[in-house]
Amino acid sequence: MKIFKTGCPRDCLGCCSLIAYVDDEGKLFKVEGDGEHPWTQGFTCIKARSYPEIVYNEKRLKKPFIKKNGDFKEASWDYALDVICEKIQKVIKDYGNLSILHESSGGSEALTKNIDRGFFNALGGVTVTSGSLCWGAGIAAQNYDFGGLLDNDLTEIENAATIVLWGRNILSTQPNAYYFVKKAVEKGSKLAVINPFNTGLEKMASLVIRPKPGTDAALALGAASYIVEKGIWDFDYVDKFCHGFEEFKEILKDYSLQKVENICGVSKEQIVKLANLYAENKPVTTLLGFGLQRYRGGGNTIRAIDALAALTGNIGKSGAGVSYGSDIFWDKFSHILFEKEVKYKRYFNKTALARDILNADNPPVKLAVINRANVVANTPNTALIKKALNSIDTVVVIELFMTDTAKEADIVLPCTTFFEEENVKFNSWSPYIYYCPKIVEPLYDVRSDEEIFLELAKRLGLKPFEGLTKDNLLEWAVKPLQSIGVSLKDLKEKGFIRNPLAPKIAWKDGKFRTPSGKYEFYSLKAEKDGLSPTPVYISPYAENKDYPYHLISMHSRFRIHTQFQHAETIEKLNPYPKVFIHPEEASKKGICEGEKVEIFNEKGRIFARAFFEENMRRDILMVESGWESQSGGNVNLIIEENITQMGNSAALYDAKADIRKIVAGDGN
């Protein structure tokens with residue numbers, strides 16, 4: 001038996017260090033959490049533990065496929081790559097570079113995966129996407145407030161007197177944080193849970209608030225207004241480290257307890273309790289969820305919560321901070337992207353990708369390459385994205401499985417899992433850098449994304465790629481780490497290394513990257529961008545919709561978007577789409593628990609099984625995201641391409657729907 005230390009490459013807050021076990025025949029048979037890692041603590045989620053089932057899954061793509069007369073036929077790698085190169089050359093000759101679309105996302109965060117973007121830049125530039133399906137509104141917000149993104153180290157949770165899980169469901173999306181939250185509560189810390197849905201931690205909490213979806217900005221501003229009215233803000237911190245407080249005070253006059261109670265659907269008493277926790281039970285650690293900013297005014301929601309923390313001096317101190325993400329690794333490896341080679345670039349909106357493809361005429365999109373993304377399943381308005389892809393002459397998809405997006409492709413190339421390749425991993429929620437060794441030999445006739453793009457570059461004679469091979473690519477890619485005293489040799493020896501420039505306590509020195517150098521309640525940059533310079537409450541798009549329930553598509557603990565759905569363990573634990581509804585609402589609709597139901601609105605309908613949850617707001621339907629079309633429960637079928645006011649992000653939770661029993665003879 002051989003034992004390997006590696007890092008999980010998923011787009012996940014956990015960023016776990018993993019231990020992989022390989023038997024004497026070279027087969028991966030177990031994955032578990034690394035007990036030597038300060039965050040992982042020997043634990044990892046059910047998804048990571050199911051990795052062997054993904055690696056050896058019979059449904060994995062095993063050979064390249066090319067669609068002929070509507071059916072996929074096996075093809076050799078040489079033939080498939082030759083066809084792609086011919087298509088690229090012809091499309092550029094006939095229509096120009098911008099007729100090529102490249103879409104890539106966070107399906108794998110390993111470092112050298114970014115060579116995909118480098119390939120298309122080396123080609124001279126193409127049409128790419130801008131914006132975010134995930135967290136763009138919050139990024140924009142914290143850039144206005146702090147001038148960038150920094151997180152406290154996860155271990156700092158233990159030093160908090162109060163922990164506020166504001167929209168973050170750690171048991172589903174960051175289970176390694178639970179260890180630190182539990183430890184802090186056992187030592188006497190108070191826990192506040194702010195979420196319209198049950199998180200599973202309510203019994204540990206001193207305060208539970210269930211605001212109306214999309215109104216969290218009003219809640220934060222109401223608490224701040226009360227603090228200012230009572231004169232219990234942190235005078236010293238605001239005076240020394242904050243800009244625009246007087247303007248912010250004026251805004252707060254519009255957020256009385258009564259008004260906020262009416263907006264949020266929570267009691268004045270709860271708003272006061274929240275305010276007092278921030279002002280009097282310090283230090284306060286706030287962990288922000290991403291659902292908070294998936295509404296029209298979502299960026300202002302993050303700004304309002306940031307402001308509440310700054311107002312009470314809960315920034316830059318041990319146990320105090322607002323954690324959303326970190327930019328410590330951003331732009332560190334720009335050399336991989338070959339951006340100096342770009343002559344042409346056109347941007348389509350990631351959220352409204354289908355619309356932009358269909359409306360493009362100067363030039364039209366003639367060829368698309370999609371990797372590390374399942375756009376059909378994960379983009380709003382699923383039916384329209386299928387139509388858009390079908391309007392493109394040639395769609396190339398690189399994938400592990402025959403996903404919804406792969407099914408719409410003309411050429412499908414099978415790729416490796418991260419256990420079958422060597423890489424380095426880091427992300428925006430952890431200060432750790434991980435070495436990921438090649439653990440098993442590639443199965444079937446598959447290749448890594450890097451090998452595919454290196455070979456395409458070689459065939460097309462792209463000069464920036466000269467001298468790069470699969471054997472030296474990683475060494476070349478990690479060179480910027482030398483500037484922070486980290487080498488590939490170090491990583492191989494230790495398995496993981498903490499970025500020495502990553503602070504344990506974000507903004508501890510009180511020096512922010514804003515124009516004023518201070519935390520900005522009032523942002524001239526936001527004003528210049530046509531936004532309110534101070535945080536304000538902006539009502540959701542869906543507020544005036546006729547449907548009775550707010551539709552929230554939570555992340556499941558059993559998958560990351562559509563990933564892991566083919567693991568046998570996951571299929572057994574989570575075999576079908578679910579919708580959670582308050583039992584009293586279900587009773588009104590004549591719905592029995594476990595019964596198959598229809599969730600519908602003006603966009604269409606999806607199907608799921610109803611499950612009851614007493615600890616949730618009565619005016620919401622909570623469905624699990626990440627289901628592909630064949631399940632009947634892909635929520636993006638009934639979500640519009642709404643975009644946040646700030647940050648060019650998807651307002652995925654800004655929707656409404658209704659629910660009903662399926663009538664006999666419906667056929668679903």
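- Judged by distance alone, the side chain of Asp361 and the main-chain N or O of Pro364 form no donor-acceptor pair under 3.5 Å.
- Lys27 has its side chain within reach of Tyr56: a pair of non-hydrogen atoms, C-beta onward, lies under 4.5 Å apart.
- Screening Val397, Ile84, Leu61 for a side chain to side chain contact (heavy atoms under 4.5 Å, CB included) involving Leu413 leaves a single residue, Ile84.
- Between Tyr179 and Phe43, the ring center distance fails the sub-6.0 Å criterion.
- A donor-acceptor distance shorter than 3.5 angstrom exists from the side chain of Lys425 to the backbone of Arg10, with no hydrogens or angles considered.
- Taking 4.5 Å as the limit, some side-chain heavy atom of Val55 sits within range of a side-chain heavy atom of Leu443.
- Surrounding CD of Glu475 are at most 12 heavy atoms belonging to other residues, nucleotides or ligands under 6.0 Å away.
- Distance CD1/Ile643 to OG/Ser132: 11.5 Å, rounded to 0.5 Å.
- Under the 4.5 Å side-chain criterion, counting only non-hydrogen atoms from C-beta, Ile66 is not in contact with Lys73.
- Of the options Phe426, Phe329, Phe496, a ring pair (Phe, Tyr, Trp, His ring centres under 6.0 Å) to Tyr432 is made by Phe496 and by none of the others.
- The side-chain heavy atoms of Ser625 and His555, taken from C-beta on, include a pair separated by under 4.5 Å.
- Remark: Glu450 does not engage Arg447 in a salt bridge, criterion side-chain N to carboxylate O under 4.0 Å.
- Between Ser105 and His561 there is no side-chain heavy-atom pair separated by less than 4.5 Å.
- Under the 6.0 Å distance and 45° angle rule, Lys30 counts as a cation-pi partner of Tyr21.
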Pair Thr405-Asn374, side chain to side chain donor-acceptor pair (under 3.5 Å): steps then yes or no: CA-CA 5 Å; Thr405 305; Asn374 187 359; 2.6 Å; yes

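- The main-chain N or O of Leu171 is never found under 3.5 Å from a side-chain atom of Gln174 such that the two would form a donor-acceptor pair.
- When only modelled atom types and interatomic distance are considered, Asp151 and Ser326 share no side-chain donor-acceptor pair under 3.5 Å.
- With ring centers used as reference points, Tyr51 lies under 6.0 Å from Phe418.
- A distance of 6.0 Å or more separates the ring centres of Phe338 and Phe119.
- Salt-bridge check for Arg372 with Asp449: failed, with every basic side-chain N at 4.0 Å or more from each acidic carboxylate O.
- Considering only heavy atoms from C-beta on, Lys47 comes within 4.5 Å of Ile560 through its side chain.
- Using a cut-off of 4.0 Å between Lys/Arg side-chain N and Asp/Glu carboxylate O, Glu421 and Lys113 are scored as salt-bridged.
- Using a 4.5 Å heavy-atom cutoff, the side chains of Phe348 and Glu103 are not in contact.
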task = May I have the step-by-step check of side chain to side chain donor-acceptor pair (under 3.5 Å) for Ser631 and Glu628, ending in yes or no?
result = CA-CA 6 Å; Ser631 71; Glu628 290 200 282; over 6 Å; no

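- Side-chain contact annotation: Ser334 with Asp331, donor-acceptor N/O pair under 3.5 Å absent.
- Heavy atoms from other residues, nucleotides or ligands lying under 6.0 Å from CZ of Arg557 number 12 at most.
- Checked against the 6.0 Å centroid criterion, the rings of Trp39 and Trp429 do not qualify as a close aromatic pair.
- Remark: of the listed residues Glu493, Lys494, Glu422, Lys5, Glu422 is the sole one forming a side chain to side chain donor-acceptor pair (under 3.5 Å) with Tyr435.
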